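Data first, discussion second: the structure below is written as structure tokens.
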Amino acid sequence: MKRAWSIKEVEDGLQLQGPPDFSYSQNVNYLSRSALECLYEIEGERVIRAIRLANKPVLIEISGKERLLNVKLLTSVAAGRSDVLAEIAAYVGEWFDLERDMRPFYELAARDPVLQGAAKAYAGLRVMGIPELFEALAWGIIGQQINLPFAYRLKRRLVERYGDAAVHGGRTYYMFPAAEKVADLTVGAMDGLQLTVKKREYLIDTAQLIAGGKLTKSALLEAGSMRQAERMLTEIRGIGPWTANYVLMRCLRFADAFPIDDVGLQLAVKSVLGLDRKPFKSELVDLSAHWRGWEAYAVFYLWRLLY
DNA sequence: TTCCAGGGTAACG
DNA sequence: CGTTACCATGGA
């Protein structure tokens, strides 16, 4: 199968050429949106993070310009360097959404009064992904019904207590905790994180499903349809429509995933349309009829107006 | 104190 | 199936 982007091995890592309608700086600007993020470090337009390969952290540093991404390998790899680089390329490709052809979205957005402003302002932005399923689900669960700065604080506490890390240049780079690690925790052990008891239960239950192989990305992708995958997720206690669609959007990359009940979406639409109240769900249903097939990108671009 | 934040469950028609 | 209480936690 032909990719819309290309991979080249170079001396210190990889050089990726992104697809059309991809802007490195737009996506890095998105990554910079919160100073509270704890899973990567941004310096100027360079991004450094640890990713999990064979359950061990490998450090990469990404830089780039326009459609180009340079991925520098900071961890020394003795054997199987090409295999490691291939896995890194796959991760970065998923993270930066390099596979998607976004032209249909931009055509649709240019004609849409709600989307056209954001689509123009952030042209080249992708739905930045969360490739690891447990990280995506956990981040969704953590973020339920709390404001974003607090959600970041909760994530940081969890990550610093249970996440594996790599040290480089005197700094510590954490990975999100492995599902296997959280699967073995108890509600009591998770005291002091400021997570509600319910959320702790949801996190542990979800971790156990993933660690036990009962919930996987491939099972969700092969569910047959987005609706089927959504059903698989919402059958899990603690994962409702919002969390399911959030994960389908950012991890499984369904372009038609749609967390319609999202407060951020409501606030963005309120702002764009100059309403004096949040839109009713029925209004969002009507507005989003124009977004069909691209709801996830519509939401992501609207969120970008806020954060 | 009240209201809100990138919701979810359970009970009830 | 759609509605409606009720829940949980910190911040403004």
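Predicted model only: the values in this text are computed from it and were never measured. Letters go in sequence order (proteins before strands), and every chain restarts at 1.
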(request) With sequence neighbours excluded, give me every ring-ring contact (aromatic ring centres under 6.0 Å, His included) pair touching residues 256-287 of chain A. (result) none

Can you measure [X] atom [atom1] to [N] atom [atom2] for me and round it to whole angstrom units?
{"X": "A/Glu235", "N": "B/dG8", "atom1": "CD", "atom2": "C1'", "answer": "16 Å"}
{"X": "A/Trp139", "N": "B/dG7", "atom1": "CH2", "atom2": "P", "answer": "11 Å"}
{"X": "A/Glu201", "N": "B/dG8", "atom1": "CD", "atom2": "P", "answer": "16 Å"}
{"X": "A/Gln266", "N": "B/dC4", "atom1": "CD", "atom2": "C1'", "answer": "12 Å"}
{"X": "A/Leu306", "N": "B/dC4", "atom1": "CG", "atom2": "C1'", "answer": "15 Å"}
{"X": "A/Leu267", "N": "B/dC3", "atom1": "CG", "atom2": "P", "answer": "17 Å"}

(request) Verify the distance criterion only: is there a donor paired with an acceptor across the side chains of A/Gln194 and A/Arg157 at less than 3.5 Å? (result) yes

(message) If only side-chain N and O atoms count, and only distance matters, is there a donor-acceptor pair under 3.5 Å linking A/Glu9 with A/Ser82?
(response) yes

(request) May I ask you to say what A/Leu154 touches in the nucleic acid, namely base, sugar-phosphate or nothing, with a heavy-atom cut-off under 4.0 Å? (result) nothing

(request) Compute both the distance and the angle, then confirm whether A/Arg49 meets the cation-pi test with A/Trp95: under 6.0 Å from the six-membered ring centre, within 45 degrees of the axis. (result) yes

(message) For A/Tyr30, run the ring-ring contact (aromatic ring centres under 6.0 Å, His included) check against A/Tyr122, A/Phe300, A/Tyr307 and tell me which one passes.
(response) A/Phe300

(request) Compare side-chain N and O positions of A/Lys278 against OP1 and OP2 of B/dC3 and report whether any pair is under 4.0 Å apart. (result) no

Check nucleotides 9-13 of chain B against the protein and report each pair of N or O atoms closer than 3.5 Å, with its distance, or say if there are none.
| residue | atom | partner | partner atom | Å |
| --- | --- | --- | --- | --- |
| B/dT9 | OP1 | A/Gly238 | N | 2.3 |

(message) Protein within reach of the bases, or only the backbone? For nucleotides 5-12 of chain C, mark each nucleotide 5' to 3' as B, S or -, using heavy atoms under 4.0 Å.
(response) ---BBBS-

(request) With P as the reference atom in both, quote the distance from C/dG11 to B/dG8 in angstrom, rounded to an integer. (result) 22 Å

(request) Show which residues join A/Tyr173 in its hydrophobic cluster (side-chain heavy-atom contacts under 4.5 Å, direct or indirect), or state none. (result) A/Ile48, A/Leu59, A/Leu74

(request) Take the angle between the ring planes of A/Phe105 and A/Tyr297 and call it parallel below 30°, perpendicular above 60°, tilted in between. (result) tilted

(request) Hey, can you tell me if A/Tyr106 and A/Tyr301 have their rings parallel, tilted or perpendicular (30° and 60° cut-offs)? (result) perpendicular

(message) Give me each pair satisfying salt bridge (Lys or Arg N to Asp or Glu O under 4.0 Å) with a member in residues 57-80 of chain A, each pair once, sequence neighbours excluded.
(response) A/Arg46-A/Glu61

(request) Supply the atom-to-atom distance A/Cys38 SG to A/Arg153 CZ, rounded to the nearest 0.5 angstrom. (result) 12.5 Å

(message) Consider salt bridge (Lys or Arg N to Asp or Glu O under 4.0 Å). Of A/Arg253, A/Arg250, A/Arg100, A/Lys217, which one does A/Glu94 pass it with?
(response) A/Lys217

(message) What residues from residues 251-264 of chain A pass a heavy-atom cutoff of under 4.0 Å to DNA chain B?
(response) A/Asp262, A/Val263, A/Gly264

